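These notes are about the structure you will find just below.
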Amino acid sequence: MTNQPSTAKQASRPIGIFDSGIGGLTVAHALINTLPKENIIYFGDTAHMPYGDKSSAAIQAYSVKIAHMLLQQECKLILIACNSASAAAYELVKEYIASQAIVMNVIDPVITFLKQHYAHKRIGLIGTRQTINSHIYKKKIDELNLGIELSSYATNLLASAIEEFGNHHVIDALLKVYLAYPDLETADALVLACTHYPIIKERILTHYHTLNRPPIDIIDSAEIVAAAVKKQLENNQLINMNGKQSKHFYVSDYTETFAANAALFFGQDITLEHYPLWD
Ligand code: DGL
């Protein structure tokens, strides 16, 4: 795609975004704010969430099938808005999609951001078991050779607790346990390596506030990723200039809880539609 001449028709093709559930709506929201004229197709694989505890093979199989569906919808760019799927399946999805669309993940833009702003700093990182056990952030940060010291920890229950309770004070008890590692308590910045976590950002800041330490930088990937997508589209002359736009938010399993929580992740009311990908 990169070398093909761009046309308005190509640019008006949608951006496909997928996540294990509705956490990726935090990224979708940032993307829509950054690129308000783009057509968006969001797919949350609520039938299989959480991905964080699934095997890499299972996440790869789900991701390829979702990417195939997004390609059938003629997406020009597919964004894996889930750290667990970015860690386990990005390379495979990229290979599968080949030149039919641009494929992006939520990890590489954060690595670039760390490279630009955090040389020789101590960085904490929290995410799902799948993301942490993949060591993908560590590998990519070590490759930068910039003296960034990374301490990462799996915070397994957080994503499910957020899906279940939303931004509820019950989360504070989990944060107290999960963030008690000395290297997380003293880090210069904390990367939220799960697209569910931005909605509890204030709680995390409040937690650090109680520790009697200098303020910590919380690195929330949503806006960093949205800016990276914009840049990628610009580089490929694929920004949609056409005024017409549509947004669809699909989930593989529709429940009232997901429908009610969607607004919390997206920051405003949206309608979830059931897409029976696995039926
Ligand atoms: N939102 C997913 C991520 O960024 C995690 C949720 C899950 O485990 O499904 O990794």
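As the structure is a prediction and not an experimental result, all values here were calculated from the model. Each ligand, and each atom within it, is numbered from 1 in the order the structure gives.
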Salt bridge or not for Glu143 and Lys115, using N-O below 4.0 Å? no
I'd like to check whether His196 has a polar contact with ligand 1, where a contact means an N/O of the residue lying under 3.5 Å from an N/O of the ligand. yes
Output every pair passing salt bridge (charged side-chain N to carboxylate O under 4.0 Å, His left out) with a member in residues 176-199, not counting sequence neighbours, ordered by first then second residue. none
Under 4.0 Å from a heavy atom of Gly52: which atoms of ligand 1 are those, numbered in the order shown and with their elements? 7 (C), 8 (O), 9 (O)
Proximal candidate to atom 10 (O) of ligand 1 [heavy atom criterion; set Gly23, Pro50, Ser84]: Ser84
Can you list every side chain to side chain donor-acceptor pair (under 3.5 Å) pair that touches residues 205-219, not counting sequence neighbours? Tyr118-Asp217
Can you confirm whether Thr128 sits close enough to Asn83 that some side-chain heavy atom of one is under 4.5 Å from a side-chain heavy atom of the other? no
Numbered in order shown, the ligand 1 atoms found under 4.0 Å of a heavy atom of Thr128 are 5 (C), 8 (O), 10 (O)
Element-labelled atoms of ligand 1 that are located less than 4.0 Å from some non-hydrogen atom of Tyr51: 7 (C), 8 (O), 9 (O)
Ligand 1 contact on Asp53 by region, counting heavy-atom pairs under 4.0 Å: neither
Would you please classify the geometry between the Tyr275 ring and the Phe43 ring as parallel, tilted or perpendicular, with 30° and 60° separating the classes? perpendicular
Distance from atom 2 (C) of ligand 1 to nearest protein heavy atom, with residue and atom: Cys82 SG, 3.5 Å
Closest protein heavy atom to atom 5 (C) of ligand 1, given as residue, atom name and distance to 0.1 Å: Cys194 SG, 3.4 Å
Distance filter under 4.0 Å to Asn83 heavy atoms, resulting ligand 1 atoms: 3 (C), 4 (O), 10 (O)
Does any part of the side chain of Asp19, heavy atoms only, come nearer than 4.5 Å to the side chain of Tyr42, both counted from C-beta? yes
As a quick check of understanding, evaluate side-chain contact (heavy atoms from CB on, under 4.5 Å) for Tyr178 and Leu158, giving each step before the final call. CA-CA 9 Å; Tyr178 283 141; Leu158 266 188; 4.0 Å; yes
Applying a strict 4.0 Å limit to heavy atoms, is Gly21 in contact with ligand 1? no
